[in-house]
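Positions are given from 1, in the same order as the sequence printed here. Counting starts at 1 for both ligands and their atoms, following the listed order.
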Amino acid sequence: MFDLEKGMVLLNSGYGMPILGIGCFRLSQSQAEDSVYWALRDGYRLIDTARIYGNEEGVGRGIQRAIDEGICTREEIFVTTKMWTDDFGDGDEAIDASLSRLNLEYIDLMILHHSQPSNDVEVYQAMERAVEAGKLKSVGLSNYYEPEDFDRLVDAATIMPALLQNETHPYHQSTVMKEHIAQYGTVMESWFPLGGRGNTQVLFDDETISSIATEHGKTSAQVILRWHTQMGFVVIPGSKNVNHIKENLDTLDFQLTDTEMAEIAGLDKNIRYYHRTDEQLAQFAGWRPDFEKK
Ligand code: NAD
């Protein structure tokens with residue numbers, strides 16, 4: 001299913017998905033356009049955005065630029081977007097709106113951004129209808145952290161989620177959920193793979209990670225990204241830095257040893273960086289997701 005050599009995973013929907021892509025959280029429209037374009041130019045074929053990031057149009061422009069320049073075709077790339085909880089009341093409209101903002105005829109993977117028991121089953125069914133209609137190829141979930149919550153949705157689903165995107169990094173290794181979703185053929189995808197903006201240095205400076213990096217002549221970021229893919233996680237590091245975008249892709253050509261994997265396994269602290277105090281959140285240029293403002 002997970003092919004490290006080809007850099008692809010075969011999803012339970014029957015579609016192939018690249019195991020490493022670019023994440024677009026906190027990028028403006030123009031930053032998203034440039035970052036997506038640079039990523040595709042460098043060889044990335046997976047892009048992750050969301051309605052709530054406010055940059056789907058920019059992502060669409062970056063893709064179009066790359067296609068116009070003959071860098072890739074639409075069929076060669078895999079585009080993920082996510083539906084925000086406020087839109088769960090009218091999933092059909094939300095899917096059409098994302099398609100229109102991205103300027104695409106189909107979306108490779110649409111994800112429900114957060115568990116929302118009041119109406120996530122109904123909106124998941126809207127995504128299933130959109131698969132029938134050819135608007136979506138695969139459907140997935142994000143931010144379901146309890147097996148019972150995942151099963152609540154899966155029990156009502158006809159199409160099994162292809163993927164679960166949860167906060168996952170060496171300090172939060174998502175072991176329970178990874179094992180739980182395997183029975184459905186659902187793959188785990190890591191968000192905040194490097195700890196997320198503001199936390200990355202803690203992971204980069206971790207003694208275990210930095211000494212493994214020295215051993216391989218790689219950066220700590222590269223070691224962490226390689227750990228994700230060797231764990232069987234699809235990974236989508238976010239960046240608007242042309243050099244980091246290149247560096248992050250350059251992680252498919254080296255191998256962490258079993259001992260190194262075991263050492264990193266020992267770092268799990270079950271810490272979610274997303275859980276922050278209001279003061280910490282305020283440091284982040286005023287960005288707060290809608291659900292936290294309520
Ligand atoms: P991340 O862990 O990828 O870290 C991003 C930070 O790392 C940025 O500050 C970036 O400048 C820095 N960085 C990237 N590459 C680097 C390198 N090689 N060297 C040094 N620094 C580097 O966090 P993220 O971007 O928030 O998460 C990844 C993606 O996951 C997002 O872009 C988004 O697409 C997705 N995401 C999803 C959810 C969700 O709720 N589903 C939440 C957050 C993020």
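- The distance from the CG atom of Asp206 to the CD atom of Gln201 is 11.5 Å, given to the nearest 0.5 Å.
- With hydrogens and angles disregarded, a donor-acceptor distance shorter than 3.5 Å links the side chain of His228 to the backbone of Pro193.
- Under the 30°/60° scheme for interplanar angles, the aromatic rings of His113 and Tyr53 are found to stand perpendicular.
- Counting only non-hydrogen atoms, the option in Tyr273, Tyr274, Trp191 that gets closest to atom 43 (C) of ligand 1 is Trp191.
- Those atoms of ligand 1 that come under 4.0 Å of a heavy atom in Asp48, given as number and element, are 33 (C), 34 (O), 35 (C).
- At a 4.0 Å heavy-atom cut-off, ligand 1 touches Phe204 through the side chain alone.
- Residues Val154 and Met83 share a single hydrophobic cluster, defined by chaining ILVMFWY side chains whose heavy atoms lie under 4.5 Å apart.
- At the shortest separation from atom 2 (O) of ligand 1 among protein heavy atoms lies Leu194 N, 2.7 Å.
- Looking from atom 3 (O) of ligand 1 to the surrounding protein, the closest heavy atom is Gly238 N, 2.9 Å.
- Ring geometry for His172 versus Tyr145: interplanar angle over 60°, hence perpendicular rather than tilted (30 to 60°).
- In the hydrophobic cluster analysis, where Ile, Leu, Val, Met, Phe, Trp and Tyr join through side-chain heavy atoms closer than 4.5 angstrom, Met1 is grouped together with Leu46.
- Protein heavy atom in closest approach to atom 31 (C) of ligand 1: Phe25 CB, 3.3 Å.
- The contact set between ligand 1 and Pro237, taken as ligand atoms under 4.0 Å from a residue heavy atom, comprises 3 (O).
- Formation of a donor-acceptor pair under 3.5 Å by the Thr214 side chain with backbone atoms of Ser210 is found in this model.
- Ring pair Tyr274/Phe192 is tilted by interplanar angle, where 30° to 60° counts as tilted.
- With a 6.0 Å cutoff to the six-membered ring centre and a 45° limit on the axis angle, Arg197 does not count as a cation-pi contact of Phe25.
- Looking at atom 21 (N) of ligand 1, its nearest protein heavy atom turns out to be His244 CE1, 3.5 Å.
- Ring planes of Phe233 and Trp227: perpendicular class, angle over 60° (limits at 30 and 60°).
- For Thr49, no heavy-atom contact with ligand 1 is shorter than 4.0 Å.
- In terms of polar-atom proximity, defined here as any N/O pair under 3.5 Å, Tyr53 does make such a contact with ligand 1.
- In terms of protein heavy atoms, atom 27 (O) of ligand 1 is closest to Phe192 N, 3.3 Å.
- At a 4.0 Å heavy-atom cut-off, ligand 1 touches Arg197 through backbone and side chain alike.
- Among all non-hydrogen protein atoms, the one lying nearest atom 18 (N) of ligand 1 is Asn248 OD1, 2.8 Å.
- Annotation: atom 7 (O) of ligand 1 to nearest protein heavy atom, Thr200 CG2, 3.4 Å.
- Of all the heavy atoms of Pro193, the ones lying under 4.0 Å from any atom of ligand 1 are found in both the backbone and the side chain.
- Considering backbone and side-chain N/O of Gln165, one or more are found under 3.5 Å from N/O of ligand 1.
- Residue Lys82 places no N or O, backbone or side chain, under 3.5 Å from any N or O of ligand 1.
- How far CG of Asn103 is from CD of Glu56: 12.0 Å, rounded to the nearest 0.5 Å.
- Close approach of ligand 1 to Gly196 is summarised as follows: ligand atoms under 4.0 Å from at least one heavy atom of the residue are 1 (P), 2 (O), 4 (O), 23 (O).
- Taking the six-membered ring where tryptophan is involved, the planes of Tyr273 and His169 are tilted, since the angle between them lies from 30° to 60°.
- Nearest protein neighbour of atom 28 (C) of ligand 1, counting heavy atoms only, is Ile236 O, 3.0 Å.
- Using a 4.0 Å cut-off between heavy atoms, Asn143 contacts ligand 1 through its side chain alone, with no backbone atom that close.
- Against a heavy-atom cut-off of under 4.0 Å, His113 is close to the following atoms of ligand 1: 39 (C), 40 (O), 41 (N).
- Remark: Glu76 CD is packed, more than 12 non-hydrogen atoms of other residues, nucleotides or ligands lying under 6.0 Å away.
- Counting heavy atoms closer than 4.0 Å to ligand 1, residue Cys24 contributes backbone atoms (N, CA, C, O) but none from C-beta onward.
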